[in-house]
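Written out below as structure tokens is the structure these notes cover.
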Amino acid sequence: MQFDKNFNFKDKEKKWYQKWEDNKIFKADENSEKEPYSILMPPPNVTGMLHFGHVLNHTLQDLFIRRMRMDGREVVWFPGMDHAGIATQTKVEQKLKEEGLSRHDLGREKFVAKVWDWKEEYGGIILEQLKRLGISCDWDRTLFTMDETASKAVEEMFIRLYDEGLIYKGKRIINWSPLAQTALSDEEVEFKEVHEKLYTMKYYFKGTDSYLKVATVRPETIFGDIAVAVNPNDIRYKKLIGQKVIVPLVGREVEIIGDDYADPEFGTGCVKITPAHDPNDFEIGKRHNLESINTINPDGSMNELAGKYAGLDRFEARKLVIKDLEESGLMEKIDDYTHNVGFSQRGGEPIEPYLSDQWFVNMKPLAEQALKVVQDGEIKFHPNHWVKTYEHWMNNIRDWCISRQLWWGHRIPVYYDENGNHTAARTEDEARTKLNLSSDAILKQDEDVLDTWFSSWLWPLTTMGWFDENGNENLDNPTMKKFSPTDLLVTGPDIIFFWVARMVMASKNVKDEIPFKNVYFTSLIRDGQGRKLSKSLGNSPDPLNVMDKYGADAVRFTILYLAPLGQDVRMEVDLEAQDIPSMEVGRNFANKLWNAGRFLNMKVEQFGETNEMPLESELSLSDKWIQSKLHETISKIDDCLNNFKVTEYSKTLYDFIWSDYCGWYIESLKIESYSNTDELNKKKLAFAINIFNEVLKLLHPVMPFITEELWHLLNKKAENESISTQQLIKSDDSVISKSVIYDFDKLMTLVETTRSLKSSTPSVSAEQRLKLGITSNEKITQLIEDNLNLLKELTKSTEIILNNTSEGISVKGVTNFAEINLYVGEVVDVEQEKERLSGEIKRLEGQVFGINKKLSNASFVDNAPASVVEMERKKLSDMSEKIEQLKESLISFS
RNA sequence: GGGCGAUUAGCUCAGUUGGUUCAGAGCAUCUGCCUUACAAGCAGAGGGUCGGGAGUUCGAGUCUCUCAUCGCCCACCA
């Protein structure tokens, strides 16, 4: 192995991932003695393709998984995939369509077989794509929601809830997707504001010229009209209740009924009642024992009850109905109208409220327990404010429509006898027994399948083997015992109801246990205009392209660096180039790290290797400083990760590596090495690499590939070893020396002040070596003397005069502990220097004024803590001294 | 209509319990450097009355109220 000029991530990512898999790094052992740590992967859709939401989500999970693995835990990450009923069925149906076939041409069995074929061939691309990210799942445990063990669980759950009376069948208005031709749950419907028209039609009283004005946005539903409602307290219409009016175009007479639902303030105060096509109307219909007339087909076209409009799509029919109403003088008026309409979350088409028989889960009893564990803090949300959203939903929960008129999915285990009696059962025989039927009775299984989320909500149970391959239940199996409940769930807040809440319900119901202890809700990734990155908008570059360009490590790092907890991430997107330019942050950081490694390697080649560390007495201030900073950093990182502050975690490491290690420590190391013996340099280098190794370990969870490569290169490790299994060191307070940090900080300030002086003096270049005078107290003077060479080189000085009394032309800078004279020779621009000094004096005097004001305020001095007052006094005297020094300097120029 | 979140430098965002180093970082901009780890870099500089207003306090970016703007979720009167 050798050090390339750049990290060749393309080859190395592939190589190391292979090694990790070969060496079973990700394999979890439920029999281990180690403390467990577990995460369930939110199963991506089998039809899914990698997007940036996945990247963020899985980077986060991998961060915690890898971190805990290195922290001595027995770690498991359960991967898997979701069968995605509608999406997958649609995909395969589309393919069939290209061959001129429909699923009905094949029949149920053949079609489902076809879907399985599709799954084997194309399904699971997403999991391969995720591997590019470097995620460390225990792939041997991969579960598909249609696998036998998972399907068995679904069946069992259904039967148990059925037997408990929590699952029931009901005729209700549900959300119908005309595109997928199936019912949807309330959660699968998105409401959007649309601009439409409000049509006011004339409903004549029979044989008269008078009519009621009735408004609707959906004139095509008049064929289902069964009544007109008015408010019983509405004096305009009160007396008309019980009379009949004629539905325009249809000719049917319908009764005027009184119902509070009709709002006298809205429109004309009269509302047509169409129970089959509107949930509110359905309720009214139930109250008044009205008939429901369904006039729309499952595909969204009008049925034969719509007369001449039969066969037309509902929106086409609407246009015609409007035209006919206008032509026959039955349209009173048309107004602009803005309201909300439900759209299918998946298909995007308008949802049709549709009256049909469906299966529901009674959610209230399940919600109670699930609400409690979150309110009690047994399950913690990060950020916490999602608890309120969760509570609101749980408190207003509605029954869950779980039946889908699809073929791809878990078929509902309900059997009907010839009289339509039904029961849920594992086998036909069991059904016959439950229904008290003879053993030769003919049964029919329900045609519908279950909502995909009905398998997803069992994920915590099925991934851990609730049922084994033989169909036996085992809630006490070793995996469950070891890893349940899981420690962390990372997911988007958009599926808090779909999934998170329901998993809690299922686990409490089945096992009386919470499924996870912490839920981390990720941010949404948005483009430069604040739009969510999404496939349908087409505003997301392919993460694979971005990874090709910057490397997986860079993408992982950047996305963590930019993704604060609980807030969305905005990233400028260049679609043409399939690029996200801000990924440069991560790439540059990786490059910085790589070059630090190269530098250390170069020095090893120069000085040689040793395992021997320098003696305590041989350590320089900078050595001790970086050691202190390392332990400070470790402690801070611990804190960040314990509190899920991943952005701060990455920033902390970024700053430590870039500024502390590379900016100051390596630079100091270089300078000091010139005057050390080779033998000492060799040991000091071992020390430096030691620190670097710890840095690599800290960074490994977010940048696994480059850290693995560097660790191998610098430590000459065998390929079957991995940094992944190295243990992190704990932060040791006794290593952190406040005085060392204080001292080094003083040196840094001196260096920075000198550099600033130089750069603000036009006649002097940064490289030009000048004489430097520093005047300070005894302690600082001693510090400078001890580190004279280091300071001389960092400031690029010819010499440093302490307690300076030198003559000559100098520019002056002051810190709050020292006075610096930079001897610039004859060339200094006097006027400019005077201006600079005056400006500085003015700035300080402003501050002094403020402090004086504070200190002369009796209530401040009396009420503020003594330490604060003392601080202000010290500040005042420091600044006054500075001002004096600068003024002296100003005088010397006059 | 109800709830949640946001508003700090040109842009993206940090700012933990109100009090030194609190007004910060990165990017962008400007100036100077190809210094033998790194120009994907180094050194330096400019830039903000912390959305408006009021209040609590000796003291507010930080706490309270209010207004404004933006985003999200839930509900859904034809």
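Every value quoted in this text rests on a predicted model; they were computed, and no experiment measured them. Reckoned from all heavy atoms, side chains included, excluding hydrogens, waters and symmetry mates. Residue numbering restarts at 1 for every chain, and letters A, B, ... go by the order of the sequence lines.
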Looking across every strand, which nucleic acid part, if any, lies under 4.0 Å from A:Ser756 by heavy atom: base, sugar-phosphate, or nothing? sugar-phosphate
Verify the contact: side-chain N or O of [X] to OP1 or OP2 of [N], cut-off strictly under 4.0 Å; return yes or no.
{"X": "A:His392", "N": "B:rC4", "value": "no"}
{"X": "A:Lys651", "N": "B:rA14", "value": "no"}
{"X": "A:Lys670", "N": "B:rA37", "value": "yes"}
{"X": "A:Trp658", "N": "B:rC42", "value": "yes"}
{"X": "A:Thr268", "N": "B:rA78", "value": "no"}
{"X": "A:Tyr337", "N": "B:rA78", "value": "yes"}
{"X": "A:Asn863", "N": "B:rC58", "value": "yes"}
{"X": "A:Asn280", "N": "B:rA78", "value": "no"}

Decide whether A:Asn642 and A:Asp638 meet the rule of one side-chain donor and one side-chain acceptor closer than 3.5 Å. no
Please determine, for the side chain of A:Phe266, which listed nucleotide (B:rA25, B:rA37, B:rA78) has the closest atom? B:rA78
Proximal nucleotide (of B:rG44, B:rG41, B:rA75) relative to the A:Arg398 side chain: B:rA75
Quick one: the side chain of [X] and the base of [N], do they pair up donor-acceptor inside 3.5 Å?
{"X": "A:Glu667", "N": "B:rA37", "value": "yes"}
{"X": "A:Asp862", "N": "B:rC58", "value": "no"}
{"X": "A:Lys592", "N": "B:rC38", "value": "yes"}

Distance flag, aromatic centroids of A:Tyr654 and A:Trp658, threshold under 6.0 Å: yes
Cation-pi check for A:Tyr203 against A:Lys272: NZ or CZ below 6.0 Å from the six-membered ring centre and within 45 degrees of the axis, yes or no? no
With a distance cut-off below 6.0 Å to the six-membered ring centre and an angular limit of 45° from the axis, does A:Lys670 pair with A:Phe599 as a cation-pi contact? yes
Relative to each other, are the rings of A:Trp664 and A:Phe744 parallel, tilted or perpendicular (30° and 60° limits)? perpendicular
